[in-house]
There are 2 protein chains.
Amino acid sequence: MQKYTNAKKVLVATDCIIFGFDGWNLKLLLVQRNIEPEIGRWSLMGGFMEPDESPDAAANRVLEQRTGLKNVYMDQLRVFGNPDRDPVERALSIAYFALIDIHQYEKQLSDEYHAEWFLLDEVPELIFDHNEMLKLAHKQLMYKAALHPILFQLLPEKFTIPQLQALYEGVFETKFDDRNFSRKLLSTGLLVKLNEKDKQSSKKGAFYYTLDKSHYIKNFNAFLNLVPNPDKFF
Amino acid sequence: MQKYTNAKKVLVATDCIIFGFDGWNLKLLLVQRNIEPEIGRWSLMGGFMEPDESPDAAANRVLEQRTGLKNVYMDQLRVFGNPDRDPVERALSIAYFALIDIHQYEKQLSDEYHAEWFLLDEVPELIFDHNEMLKLAHKQLMYKAALHPILFQLLPEKFTIPQLQALYEGVFETKFDDRNFSRKLLSTGLLVKLNEKDKQSSKKGAFYYTLDKSHYIKNFNAFLNLVPNPDKFF
DNA sequence: CCAAAAGTGTTTCCGATACACCCATGT
DNA sequence: ACATGGGTGTATCGGAAACACTTTTGG
């Protein structure tokens with residue numbers, strides 16, 4: 001069969017903006033670039049797509065190779081394709097953002113992969129257009145988290161309401177009213193209370209909760225304002 | 001400077017899902033494919049990206065070449081990259097969706113470009129993964145339209161509230177309560193009432209409105225449910 | 001006993017819904 | 001005059017926000 005002979009090919013990479021939560025602050029995982037140019041500068045986790053794999057597969061493969069992480073929550077952000085975004089050679093990048101539980105991988109990431117967590121407002125100058133990617137990813141994270149319960153991906157299996165609130169406050173960079181926050185979250189039907197308390201952060205201790213996964217899928221879509229009965233559509 | 005020698009390139013295309021509104025129904029613009037294979041089958045507006053242009057520029061250029069349309073509302077949807085999505089050759093496609101005012105281009109499109117409008121529920125079998133793209137685009141359109149006033153892009157400069165309501169009903173495939181709908185839309189502060197009536201559709205006639213563009217930008221973001229004062233974030 | 005954090009209760013307000021009715025006008 | 005669609009009014013309900021208080025327990 002004939003091919004599209006007069007069309008020109010380009011390199012395609014994937015870059016991944018990896019968010020984590022340490023219990024107090026939202027953080028970003030970065031590595032130091034190991035090839036020229038810009039070797040040693042901080043960078044998102046990136047790599048090239050193989051022609052025989054899908055972008056999603058490529059993003060997952062690159063993520064695993066560079067961090068050991070598997071089966072994490074990932075979302076395609078968008079394509080970055082400014083013609084001069086990569087000074088070496090024309091290359092598109094398909095940006096993804098990922099949400100992981102920091103503690104589950106902390107040692108492995110720093111020891112084996114020399115990746116480092118940064119506070120969002122202490123992120124250094126990154127290579128290429130990675131700062132722009134990060135900015136968009138954070139915006140998208142806020143946007144999506146305001147509509148869907150995705151932030152649970154950043155927490156361990158068991159978590160307390162105050163932890164959850166700290167997470168939301170970190171992501172949205174605001175304070176929430178404690179009493180309204182807990183009631184609002186509990187009213188979603190997504191949380192299951194455990195008979196166990198976390199005594200780390202206070203004398204009284206806060207009850208642990210887990211996510212009710214059946215409700216998670218059912219309640220993933222909710223509350224769009226304009227349309228009556230929005231559940232129907234999504 | 002050295003290049004990324006061991007990375008393999010791929011073809012990158014853009015495809016555009018073009019929505020229009022004829023006053024009653026939401027419609028989709030399609031063309032018949034003019035190259036082998038699948039010649040003659042219905043297809044979205046697509047074309048290959050040149051290496052020296054950005055994806056957005058490519059999508060706009062392709063759109064103009066195939067329809068004559070310029071300066072229309074366009075949004076990147078996502079990359080479609082299943083390895084076997086194009087049987088001819090490995091190719092990614094960056095999907096966009098566009099919103100246009102049907103009447104402004106009706107003749108031009110059919111006469112010069114042989115493009116045709118289809119009702120959404122009468123869309124034929126399309127080439128490749130274009131049906132899947134359409135499905136996602138429609139979902140995305142509903143999603144975004146529920147949160148932002150983008151549907152005005154589908155209407156002419158002057159429009160009536162009943163027209164606007166028909167549009168929303170078309171996009172969401174539901175009926176809205178007339179009285180609540182007009183009040184809700186008027187309360188956004190986006191509409192400017194004109195001293196002129198459209199007498200086409202009724203004896204009484206319905207007042208024309210235009211979009212207040214200053215408010216449009218200011219009110220583009222609104223009303224995300226979980227977060228207090230969401231305006232701040234977007 | 002007290003400080004510090006967790007958790008529950010109450011009031012107010014606004015927007016969403018569900019209704020019924022009046023208005024303008026071409027036939 | 002009347003049918004047809006356009007437009008406004010109103011009562012009700014529920015969720016969001018603002019605020020105060022009680023509970024628990026380690027020191």
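Letters A, B, ... are given to chains in the order of the sequence lines, protein chains preceding strands, and every chain is numbered from 1. As a basis for the values below, the full set of heavy atoms in this structure was taken, side chains included, without hydrogen atoms, waters or symmetry mates.
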Record whether the side chain of B:N180 comes under 3.5 Å of the base of C:dA18 through a donor-acceptor pair of N or O atoms.
-> yes
Donor/acceptor link under 3.5 angstrom from A:R179 side chain onto base of D:dA20 |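 Looking at the base of D:dA20, it does pair with a donor or acceptor on the side chain of A:R179 (distance under 3.5 Å).
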Does the side chain of B:D15 pick up a donor-acceptor pair with the side chain of B:S93 at under 3.5 Å?
-> yes
Have A:Y96 and A:D56 got a donor and an acceptor in their side chains that come within less than 3.5 Å?
->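 Note: A:Y96 and A:D56 side chains meet the donor-acceptor criterion.
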Any side-chain heavy-atom pair of A:I100 and A:T67 under 4.5 Å =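 No - every pair of side-chain heavy atoms lies 4.5 Å or more apart.
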Heavy-atom distance under 4.5 Å between the side chains of B:N131 and B:V123, does that happen here?
->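 The answer is yes, as the side chains (C-beta and beyond) meet within the 4.5 Å cut-off.
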Of the candidate nucleotides C:dA16, C:dA18, D:dA18, which contains the atom at the shortest distance from the side chain of B:R183?
-> C:dA18
Between [atom2] of [N] and [atom1] of [X], the distance in whole Å:
X      : N      : atom1 : atom2 : answer
B:D178 : C:dC19 : CG    : C1'   : 13 Å
A:Y209 : C:dA6  : OH    : P     : 12 Å
B:L186 : C:dA16 : CG    : P     : 13 Å
B:L185 : C:dA16 : CG    : C1'   : 14 Å
B:D177 : D:dG6  : CG    : C1'   : 14 Å
B:K175 : D:dG5  : NZ    : P     : 12 Å
A:F181 : C:dA6  : CZ    : C1'   : 14 Å
A:D198 : D:dT25 : CG    : P     : 14 Å

Going by the salt bridge (Lys or Arg N to Asp or Glu O under 4.0 Å) test, which pairs reach into residues 151-163 of chain B, not counting sequence neighbours?
-> B:E157-B:K213, B:K158-B:E196
Does any pair with a residue in residues 112-124 of chain A pass salt bridge (Lys or Arg N to Asp or Glu O under 4.0 Å), and if so which ones, sequence neighbours excluded?
-> none
Decide if atom NZ of A:K135 counts as having more than 12 heavy atoms of other residues, nucleotides or ligands within a radius under 6.0 Å.
-> no
Going by heavy atoms closer than 4.0 Å, what residues in residues 199-208 of chain A are next to DNA chain D?
->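 Those residues are A:K199, A:K203, A:K204.
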Contacts of type side-chain hydrogen bond (donor to acceptor under 3.5 Å, both in side chains), residue A:R78, not counting sequence neighbours | none
How would you list, by chain and number, every residue that makes a ring-ring contact (aromatic ring centres under 6.0 Å, His included) with B:F21, sequence neighbours excluded?
->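 Not a single residue meets the ring-ring contact (aromatic ring centres under 6.0 Å, His included) criterion with B:F21.
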Side-chain N or O of B:K184 less than 4.0 angstrom from OP1 or OP2 on C:dT17?
-> yes
Close approaches to DNA chain C from residues 154-165 of chain B, in residue order (heavy atom, under 4.0 Å) = none
